Amino acid sequence: MDLKLIHSQLSPINLDQLLNKIKEEWVLQKSLPLSLNITLSSASPIVMANGTLLQIALDNIISNAFKFSDQQTVSCRLSELKHNYLIEIHDQGNGIPLSEQNNIFKPFYSGASNMGQKGEGMGLYMAHKIIGLLKGSISIGHIKAGGCTFLVKLPKV
């Protein structure tokens, strides 16, 4: 991706509006149960981003979550930290084995075939690249009782 082009196309993006749009698309267009919980102390969670790329990144993570939870409810939570907004995307799958966690953001790496799923291994790689270009981070949260949680941090404006 051309970094100069990406940075020239950054604009203020309201995260709760973007997440509501994403939820509506998953629920109405794909009939998949995406739940959304927004807990913020500020009224407008604004980040500098390319809205299209940010939506692609989040959709890739959500798509994986649905795939590995056998289309069961995926939950998305937006909250805030001191300098960042935190988006948590949690699925109801079997989680990611510790031995694979260092590889999931690499291109063409896919654990899908191990679980009887199809996958090209590019979705999480692209999400990782996009979030990084936006000066954010993506990681795997601590796994509690099954499932997996992806943590996306994006800097506040």
Side-chain angles (χ1 to χ4, degrees), residues 1-93 95-96 104-105 107 110 112 117-144 146-157:
M1 290 186 200
D2 185 350
L3 290 177
K4 195 172 189 177
L5 177 64
I6 298 293
H7 289 290
S8 71
Q9 295 178 342
L10 299 182
S11 61
I13 301 294
N14 185 312
L15 279 179
D16 63 350
Q17 289 177 358
L18 177 63
L19 289 171
N20 275 304
K21 175 185 173 204
I22 290 171
K23 176 189 176 185
E24 186 174 297
E25 289 173 2
W26 280 96
V27 171
L28 295 179
Q29 294 174 8
K30 299 172 182 155
S31 299
L32 290 171
L34 178 64
S35 71
L36 180 58
N37 180 4
I38 298 175
T39 54
L40 301 169
S41 61
S42 60
S44 295
I46 304 296
V47 296
M48 288 302 289
N50 175 304
T52 301
L53 288 178
L54 181 55
Q55 181 166 350
I56 289 169
L58 296 173
D59 275 335
N60 282 344
I61 300 165
I62 292 166
S63 176
N64 261 20
F66 277 118
K67 181 189 327 183
F68 289 104
S69 9
D70 199 26
Q71 314 306 327
Q72 295 179 69
T73 300
V74 168
S75 62
C76 181
R77 181 173 182 254
L78 173 62
S79 59
E80 60 186 310
L81 305 170
K82 187 173 184 175
H83 300 290
N84 297 291
Y85 290 106
L86 174 65
I87 301 168
E88 300 170 77
I89 299 170
H90 182 77
D91 67 36
Q92 297 185 49
I96 300 170
I104 63 168
F105 297 117
S110 176
Q117 300 282 348
K118 292 182 180 177
E120 304 297 321
M122 291 303 290
L124 291 178
Y125 168 73
M126 285 180 27
H128 183 260
K129 284 294 187 193
I130 291 168
I131 299 300
L133 287 171
L134 301 176
K135 299 184 178 16
S137 66
I138 180 173
S139 61
I140 301 169
H142 296 293
I143 299 171
K144 295 177 178 110
C148 182
T149 301
F150 281 87
L151 307 173
V152 176
K153 292 180 185 173
L154 294 167
K156 292 179 177 180
V157 172

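Just so you know, these numbers come straight off a predicted model, no measurement behind them.
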(message) Quick check: do I22 and L34 have side-chain heavy atoms less than 4.5 Å from each other?
(response) yes
(request) Would you indicate whether the side-chain heavy atoms of I61 and L124 approach each other to under 4.5 Å? (result) yes
(message) Measuring only between side-chain heavy atoms, which start at C-beta, is N60 closer than 4.5 Å to I130?
(response) no
(request) If a pair satisfies ring pair (Phe, Tyr, Trp, His ring centres under 6.0 Å) and one of its residues is in residues 14-43, list it, with sequence neighbours excluded. (result) W26-F66
(request) For I62 and L32, run side chain to side chain contact (heavy atoms under 4.5 Å, CB included): C-alpha distance rounded to whole Å, both residues' side-chain angles, the deciding distance at 0.1 Å, then the answer. (result) CA-CA 10 Å; I62 292 166; L32 290 171; over 6 Å; no
(request) Output every pair passing salt bridge (Lys or Arg N to Asp or Glu O under 4.0 Å) with a member in residues 18-37, not counting sequence neighbours, ordered by first then second residue. (result) none
(message) I need the L151 CG to I138 CD1 distance, nearest 0.5 Å.
(response) 8.5 Å
(message) Working to the nearest 0.5 angstrom, can you tell me the gap between L78 CG and L86 CG?
(response) 8.0 Å
(message) Strictly by salt bridge (Lys or Arg N to Asp or Glu O under 4.0 Å), give each pair with a member in residues 77-88 just once, sequence neighbours left out.
(response) R77-E88, E80-K156
(request) With the side chain counted from C-beta on, respond yes when L133 and N50 share a heavy-atom pair under 4.5 Å apart, and no when they do not. (result) no
(request) Looking only at non-hydrogen atoms, find the nearest pair between I131 and K153 and report the distance. (result) CG2-O, 4.3 Å
(message) Going by the rule side chain to side chain contact (heavy atoms under 4.5 Å, CB included), which residues pair with S75 if we only count those two or more places apart in sequence or in a different chain?
(response) S35, H90
(message) Rounded at 0.5 Å granularity, tell me how far SG in C76 sits from CD1 in I38.
(response) 8.0 Å
(request) Might you point out which heavy atoms bring Q72 and P33 nearest each other, and give the distance in Å? (result) C-CG, 4.0 Å
(message) Could you measure the distance from the CG atom of D91 to the CG atom of D70? Nearest 0.5 Å is fine.
(response) 11.5 Å
(request) Not counting sequence neighbours, which residues clear ring pair (Phe, Tyr, Trp, His ring centres under 6.0 Å) with Y85? List them please. (result) none
(message) According to side chain to side chain contact (heavy atoms under 4.5 Å, CB included), who are the partners of A49, at least two apart in sequence or on a separate chain?
(response) I13, V47, L54, L134
(request) Supply the atom-to-atom distance H128 NE2 to S139 OG, rounded to the nearest 0.5 angstrom. (result) 9.0 Å
(request) Give the minimum heavy-atom separation between A127 and A57, together with the two atoms involved. (result) CB-O, 3.6 Å
(request) Give, for atom CG of L10 and atom CG of L53, the distance between the pair rounded to the nearest 0.5 Å. (result) 9.0 Å
(message) Which heavy atom of F105 sits nearest to which heavy atom of Y125, and what is that distance?
(response) O-CD1, 3.2 Å
(message) Counting C-beta onward and ignoring hydrogens, is there a side-chain heavy-atom pair between I89 and N64 closer than 4.5 Å?
(response) no
(message) Can you give me the closest heavy-atom contact between G95 and C148, atom names plus distance?
(response) CA-CB, 4.2 Å
